[in-house]
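Taking it in order: structure first as structure tokens, then the write-up.
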Amino acid sequence: MLFAQAVRGRAPGGRGQQMVLRQDLPPQRSGAADRAPVPDPGPPSAASPRALSPSRLLPWLARLGAPAAAFAVFQGLLGILPENLAAEAARYCVAATAAAGVGAVVWLAAALLRARGAAASAVAPAVPVPVPAPAGSLPELVDGTYQALRRGLTVIEVPGRGPLTGWPHSLAESEPPVHPTAFGTAYGLHLLLDIAPYDGRIRAGEVAETLWRLRLPGGGWAARSQGSGARPEVSAIVLGALARAGADARLLEAEIRSCEVLWDPDHDASGLANTYVVTNVLRGLLRAAPGAAALDGLREVLVNGATADPARDHHRCWGAALATGHGNPAPSAVHTARAVVALDRAARVLGEDERQRAVREEGLRWLLAGPAAPGGGAADLLNCQEEVRRPVQEDPLHQELLSVRHFAAAWVARALMTDGARQVADGEVGLPVWEAQLAAAVARVHGMQQGGVWRWDDGPMGHPVWMAYQGLSVLRRYALMVYRP
């Protein structure tokens with residue numbers, strides 16, 4: 001299995017096994033397609049001089065046979081050499097030596113011809129034979145994901161909203177048909193755009209229209225378990241998916257203006273003190289509105305929310321709660337990876353100053369120091385779950401609870417595949433450590449899927465759409481990294 005071998009091997013730059021992508025190509029042709037073919041010059045005429053080239057000399061020597069050639073040279077030299085040599089034995093020695101030399105040359109010529117014949121027989125035939133993709137290859141895995149998307153697709157008519165085409169939270173919730181959610185449909189649209197199928201059995205335009213129809217009356221979007229008010233982490237993810245699908249820029253701009261209050265920490269202090277919420281908003285807005293005024297402030301919130309970890313050389317990292325909030329900023333691999341990915345995207349779109357770059361690189365150093373920690377860093381790849389609590393807007397005495405699950409190995413792999421990760425590793429722990437950690441994270445991501453469907457557990461919520469998107473994104477990115485033309 002080519003892809004499985006690449007996952008079990010080492011990352012780019014190492015000496016381990018690398019993924020090989022095969023492609024059958026037609027013979028190369030130069031010039032226009034309607035140009036007349038070049039005529040065959042045919043064999044040379046009989047009148048042309050024939051030089052004794054090495055290609056003609058070798059078959060001639062090989063046909064003689066080593067013993068026959070040696071005997072002929074021996075007899076010829078006996079007749080040519082003068083009889084007045086020092087002794088009759090000298091004539092025989094000279095003749096025998098020459099015969100042995102010629103015999104060796106003839107034997108070597110025959111061996112060379114046999115080797116050439118064996119090599120020619122091993123060459124592939126002129127007509128390429130199509131080779132089916134091996135089981136477990138990336139194309140087969142992508143096809144399995146697309147089939148799962150088709151099975152999990154919900155198409156229903158909702159009074160007051162019209163037809164809805166999308167996905168609930170999990171791919172296992174489609175029977176009986178359930179109401180599509182903004183969160184599941186946004187990640188399903190991301191996944192559909194990644195796969196880019198050649199057929200129209202799932203139309204991205206209908207899915208994008210469903211997201212607009214799921215918009216709340218006051219603007220924005222919320223998760224199924226949240227109240228009637230829009231939430232920044234869901235709204236930004238939906239806006240990012242719509243922008244990627246080619247939504248009208250004027251509609252996006254109007255919606256972003258109506259949601260501006262959602263990105264204000266004073267409006268949602270408890271939510272925007274959470275690493276999960278801030279990183280979701282930052283990544284979604286960078287896709288939907290790379291010129292939004294709120295982006296610089298959100299990045300500063302994330303940068304200021306890092307905390308030093310004495311257990312890993314005092315490198316700065318992130319926990320579930322930002323250090324500027326009132327929660328528990330205990331170091332967490334998945335939250336550090338989320339922050340590194342968000343800061344890396346912000347740096348590419350907005351640029352970064354020395355302080356922002358230093359904090360982002362320290363997050364990478366913290367992840368790379370994982371194997372030195374107790375447990376060998378294996379705990380960094382374990383899935384985890386958290387609860388995001390907010391006061392209900394309509395009744396501050398009650399709290400809204402959002403349960404969040406984190407695909408830790410996927411986030412760590414994504415952080416280690418950012419542009420700056422290799423440079424940081426090269427100057428710190430060394431490339432072999434980076435390669436080994438990346439390969440371990442990707443192997444865990446690959447191991448958690450079956451037939452292109454990623455599984456959290458065996459329950460009805462056990463096949464989240466977002467998990468399939470994150471898992472497939474990691475494997476596609478890793479395949480591109482290890483490919484060598």
Side-chain angles (χ1 to χ4, degrees), residues 11 265 272-280 282-283 296-348 350-384 386 404 406-441 444:
L272 291 173
N274 181 276
T275 304
Y276 165 78
V277 174
V278 174
T279 53
N280 265 13
L282 194 56
R283 290 184 296 110
D296 285 327
L298 286 168
R299 178 166 59 175
E300 279 304 300
V301 168
L302 190 58
V303 169
N304 294 333
T307 182
D309 182 12
R312 297 193 186 183
D313 298 327
H314 293 275
H315 293 313
R316 278 177 284 188
C317 60
W318 285 264
L322 295 171
T324 51
H326 303 288
N328 177 20
S332 162
V334 67
H335 293 92
T336 299
R338 292 183 69 104
V340 167
V341 171
L343 291 175
D344 176 77
R345 291 189 184 178
R348 283 185 286 168
L350 309 174
E352 63 182 351
D353 58 29
E354 289 297 326
R355 174 174 168 272
Q356 294 162 349
R357 180 169 180 255
V359 173
R360 176 177 58 81
E361 290 184 347
E362 279 206 56
L364 285 167
R365 292 187 183 96
W366 187 89
L367 290 171
L368 291 167
D380 288 1
L381 304 181
L382 297 179
N383 292 337
C384 58
E386 68 169 300
V404 179
H406 298 289
F407 192 178
W411 281 108
V412 170
R414 291 171 77 175
L416 294 179
M417 287 189 287
T418 56
D419 292 339
R422 182 185 179 92
Q423 288 78 7
V424 170
D426 193 22
E428 296 287 335
V429 298
L431 293 181
V433 172
W434 169 68
E435 293 168 0
Q437 285 192 260
L438 177 57
R444 180 168 176 81

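Residues passing the salt bridge (charged side-chain N to carboxylate O under 4.0 Å, His left out) test with Arg360, sequence neighbours excluded: Glu352. The salt bridge (charged side-chain N to carboxylate O under 4.0 Å, His left out) test applied to Arg338 returns no partner, not counting sequence neighbours. The side chain to side chain donor-acceptor pair (under 3.5 Å) search around Asp296 returns none, not counting sequence neighbours. Take Ser332 and apply the side chain to side chain donor-acceptor pair (under 3.5 Å) test, not counting sequence neighbours, and it matches His335. For Asp344, the salt bridge (charged side-chain N to carboxylate O under 4.0 Å, His left out) criterion is met by Arg348, not counting sequence neighbours. The salt bridge (charged side-chain N to carboxylate O under 4.0 Å, His left out) search around Arg365 returns Glu361, Glu428, not counting sequence neighbours.
Using a 4.5 Å heavy-atom threshold, the side chains of Trp411 and Asp380 count as separate. At least one side-chain heavy atom of Arg444 sits under 4.5 Å from a side-chain heavy atom of Leu382. Within the 4.5 Å cutoff, no side-chain heavy atoms of Leu282 are placed close to those of Val301. Using a 4.5 Å heavy-atom cutoff, the side chains of Leu368 and Trp434 are in contact. A heavy-atom distance below 4.5 Å is found between the side chains of Val404 and His406. You'll find the side chain of Leu364 reaches within 4.5 Å of the side chain of Thr418, heavy atoms only.
Remark: the backbone N or O of Asp353 is paired with a side-chain donor or acceptor of Gln356 at under 3.5 angstrom. A donor-acceptor contact shorter than 3.5 Å is absent between the side chain of Thr336 and the backbone of Cys317. A donor-acceptor pair under 3.5 Å is formed between the side chain of Asn304 and the backbone N or O of Glu300. Side chain of Gln437 to backbone of Leu367: a donor-acceptor contact under 3.5 angstrom is found. The main-chain N or O of Arg312 is never found under 3.5 Å from a side-chain atom of Trp366 such that the two would form a donor-acceptor pair.
Interatomic distance, CZ of Arg299 versus CG of Leu350, reported as 5.0 Å (0.5 Å rounding). With values rounded to the nearest 0.5 angstrom, Leu438 atom CG is found 11.5 Å from Leu431 atom CG.
Of all heavy-atom pairs spanning His315 and Glu362, the tightest one is CA-OE1, 3.3 Å. Scanning both residues, Ala415 and Ala421, for their nearest heavy atoms gives O-CB, 3.8 Å.
Of the listed residues (Val334, Leu381, Val341), just one forms a side-chain contact (heavy atoms from CB on, under 4.5 Å) with Val412, and that residue is Leu381. When each of Leu302, Val277, Val303 is checked for a side-chain contact (heavy atoms from CB on, under 4.5 Å) with Leu322, only Leu302 meets the rule.
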